[in-house]
Amino acid sequence: MTGIYTRDYWEKKLSTLTLEGRHFIDGEYRASTSGQTFTRVRPMDGKPGAELARGNTADIDAAVAVARAAFESGVWRSQEPLEKKKAMLRWAELIRAHGEELALLETLDVGKPVLASLNVDVRLCADGIQYYAEMIDKMYDEIAPSGPNALALVRKVPLGVVGAITPWNYPMIIDAWKLGPAITAGNSVVLKPAEQSSLSAIRLAALAVEAGLPAGVLNVVCGYGEEAGKPLALHMDVDMIAFTGSTEVGRLIMGYAAQSNVKRVALELGGKSPLVVFADADLDAAASAAAWGCFYNSGETCHASTRLLVQRSVQDELIGKIEAVTKSDIVLAHPFEPSAQIGALIEEAHMQKVLGMIATGEKEGARRAFGAERVLSDTGGYYVSPGVFVDMTNDMSLARQEIFGPVLATIPFDTEEEALRLANDTIYGLAGAVFTKDMDRAHRFSEAIHAGTVWINTYDMSSFATPFGGFKQSGFGRDRSVHAIDKYCDYKTIWQQFG
């Protein structure tokens, strides 16, 4: 089947594709109240892409009012669990049925290989909606212990209107992480996707209504963070904001919650994840994990393994193996090419930021082993090759700042104690990994790393059964797993006294 997916195939499909860029509110497409739009530039070639509605406070007000009306009417939350489950399952199947369309929309917006969009992002989006659909008729309330003359019910109830603000690196996947549990819990949602990646969110919302989700339960407002995201976070009739993005913006979201109605906040923020390799490790496995863990999605991954902590005696050997894996397996190419493993960075401004951080790192003394240069500039797109810097110290900017590009910072260590100190010497705590054949050390070390997820002798393995989120300035609250549903609910005690 993959043989049909040539560059020409996607070019032809693109020529017939309708790019819907209006908001989706109350089950229908709507232009912005101001009539304003903005044009999304395609990362893969720098050409103008979709024209999108430029949302503002009035659009947010309209979407929130619709979401509130849908919630208060009980049109979704009061449905029989089995009927809600059927609608969510139909939604997941429609996502799969429209996989090629959604993958193309995603790639046009964010520049990742279209086969990655199809085989990873679309698949995981559908799987996520299905996972939470299956939970709808398996959520139980409680009866608290009480005396013989009382009945104490402990009910898990939805919050009301949830505002979801999602990023541009994995739009469909992270939309599913928010929408799945929030809607399963019975809430209505106003989704504000990143201005760089709105197309798939609009289509997902339309497919939800087609599947049977009542109009108004899921609404999408496009636009810039300051003009649409901020009003959503400040809105007095929004009960919660679920945000994934930078730590800098996460701080603003917390402030907006405090300034408004003290709404709930869940934050999944930045990372600078350590991948620790001891001399006794399987270096081939470590090299593959380090390369793919850092360079996949062009490094635009919050939990990317961007800090490689390696025992000094095997540093040179490991870097050689990482270079071999990178050059043989991780093909950087136009996103429509079947061979492409990674594609373009999200936009020119971000590419220039990544290149600027690389230049600063070199001035500070980081030594380039290979890569980390702009390539394919003749395409007009925003491509940076995977690269590694070596012999670094943990106080260099490349080791401390979230680059969000395909740049691996290598820091040597001598002892386990030093490795642990370096691993935890960061403001972030999203993920980490340890590679060693000593299982006592592996478990000792994984327990001691301050991060929400730690892998042993692998990287970036997960399922919807495992919660995802961070410690420290990587945020709080968890996406994925049954635990994600809890943050979109509150507990209500109902006490009945007899006699």
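Ion pair Asp239/Arg68 flagged as a salt bridge, since at least one NZ, NE, NH1 or NH2 atom sits closer than 4.0 Å to an Asp/Glu carboxylate oxygen. Between Glu416 and Arg444 there is a salt bridge, since a side-chain N of the basic residue sits under 4.0 Å from a carboxylate O of the acidic one. With respect to Arg96 and Asp127, a salt bridge is recorded, a charged nitrogen being found less than 4.0 Å from a carboxylate O. A salt bridge does not link Asp237 with Lys263: every distance from a Lys NZ or Arg NE/NH1/NH2 to an Asp or Glu carboxylate oxygen is 4.0 Å or more. Between Glu134 and Lys85 there is a salt bridge, since at least one side-chain N of the basic residue sits less than 4.0 Å from a carboxylate O of the acidic one. A salt bridge links Lys156 and Asp486; the closest N-O separation between the charged side-chain nitrogens and carboxylate oxygens is under 4.0 Å.
The line from CD1 of Ile411 to CG of Asp425 is 8.5 Å long, rounded to the nearest 0.5 Å. The CD atom of Glu106 sits 11.5 Å away from the CG atom of Leu118 when rounded to the nearest 0.5 Å. Between atom CG of residue Leu102 and atom CZ of residue Arg203 there is a gap of 7.0 Å, rounded to the nearest 0.5 Å. With rounding to the nearest 0.5 Å, the separation of OH in Tyr131 from CZ in Arg480 is 10.0 Å. Taken from CG in Leu275 to OG in Ser305, the straight-line distance is 5.0 Å, to the nearest 0.5 Å. A distance of 8.5 Å separates OH in Tyr428 from NZ in Lys272, rounded to the nearest 0.5 Å.
Under the 3.5 Å distance criterion, with hydrogens and angles disregarded, a donor-acceptor pair is assigned to the side chains of Ser397 and Glu364. Using a 3.5 Å distance cut-off with no hydrogens or angles, the side chains of Tyr170 and Thr244 do not pair a donor with an acceptor. A donor and an acceptor atom, one from each side chain of Ser32 and His23, are located under 3.5 Å apart. For the residue pair Glu101 / His98, a side-chain donor-acceptor distance below 3.5 Å is found, with atom types taken as modelled. A donor-acceptor contact under 3.5 angstrom links the side chains of Asn394 and Arg307, judged on distance only.
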Derivation of the side chain to side chain contact (heavy atoms under 4.5 Å, CB included) call for Tyr296 and Val120: CA-CA 12 Å; Tyr296 182 74; Val120 178; 3.7 Å; yes
Step-by-step side chain to side chain contact (heavy atoms under 4.5 Å, CB included) determination, Glu347 to Arg40: CA-CA 10 Å; Glu347 58 190 359; Arg40 172 73 183 130; 3.9 Å; yes
Residue pair Trp91, Glu93: steps toward the side-chain hydrogen bond (donor to acceptor under 3.5 Å, both in side chains) verdict: CA-CA 5 Å; Trp91 187 15; Glu93 286 308 308; over 6 Å; no
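Of all non-hydrogen atoms in Ser34 and Arg54, the two that sit nearest each other are OG-O, 4.1 Å. Nearest heavy atoms, Leu345 versus Pro43: O-CB, 3.2 Å. Minimum interatomic distance between Leu19 and Leu108 (heavy atoms only, all atoms of both residues): CD2-CD1, 3.9 Å. When all heavy atoms of Ser198 and Ala194 are compared, the pair lying nearest together is OG-O, 3.3 Å. Taking both residues in full, the closest heavy atoms of Ser481 and Thr466 are given as CB-C, 3.8 Å, listed atom of the first, atom of the second, then distance.
With respect to Trp177, the ring-ring contact (aromatic ring centres under 6.0 Å, His included) criterion is satisfied by exactly one of Tyr488, Phe468, Phe243: Phe468. Screening Val189, Ile129, Ile136 for a side-chain contact (heavy atoms from CB on, under 4.5 Å) involving Ile183 leaves a single residue, Val189. Paired with Pro171 under the rule side-chain contact (heavy atoms from CB on, under 4.5 Å), one option of Ser197, Cys125, Ser117 passes, and it is Ser197.
Environment of CE in Met396: crowded, with over 12 heavy atoms of neighbouring residues, nucleotides or ligands closer than 6.0 Å. Residue-environment remark: CD (Glu447) stays at or below the threshold of 12 foreign heavy atoms within 6.0 Å. Within a 6.0 Å radius of CD1 in Ile143, other residues, nucleotides and ligands contribute 12 heavy atoms or fewer. Atom CD of Glu28 has more than 12 heavy atoms from other residues, nucleotides or ligands within 6.0 Å. Within a 6.0 Å sphere centred on NZ of Lys363, heavy atoms belonging to other residues, nucleotides or ligands number 12 at most. Remark: Met139 CE is packed, more than 12 non-hydrogen atoms of other residues, nucleotides or ligands lying under 6.0 Å away.
Asp61 pairs by the salt bridge (Lys or Arg N to Asp or Glu O under 4.0 Å) definition with nothing, not counting sequence neighbours. For the ring-ring contact (aromatic ring centres under 6.0 Å, His included) test, residues two or more places apart in sequence or in another chain that qualify with Tyr459 are Trp455.
For the pair Arg374 and Tyr383, the cation-pi test (distance below 6.0 Å, angle within 45°) is failed.
The ring of Trp168 has its center closer than 6.0 angstrom to the ring center of Phe404.
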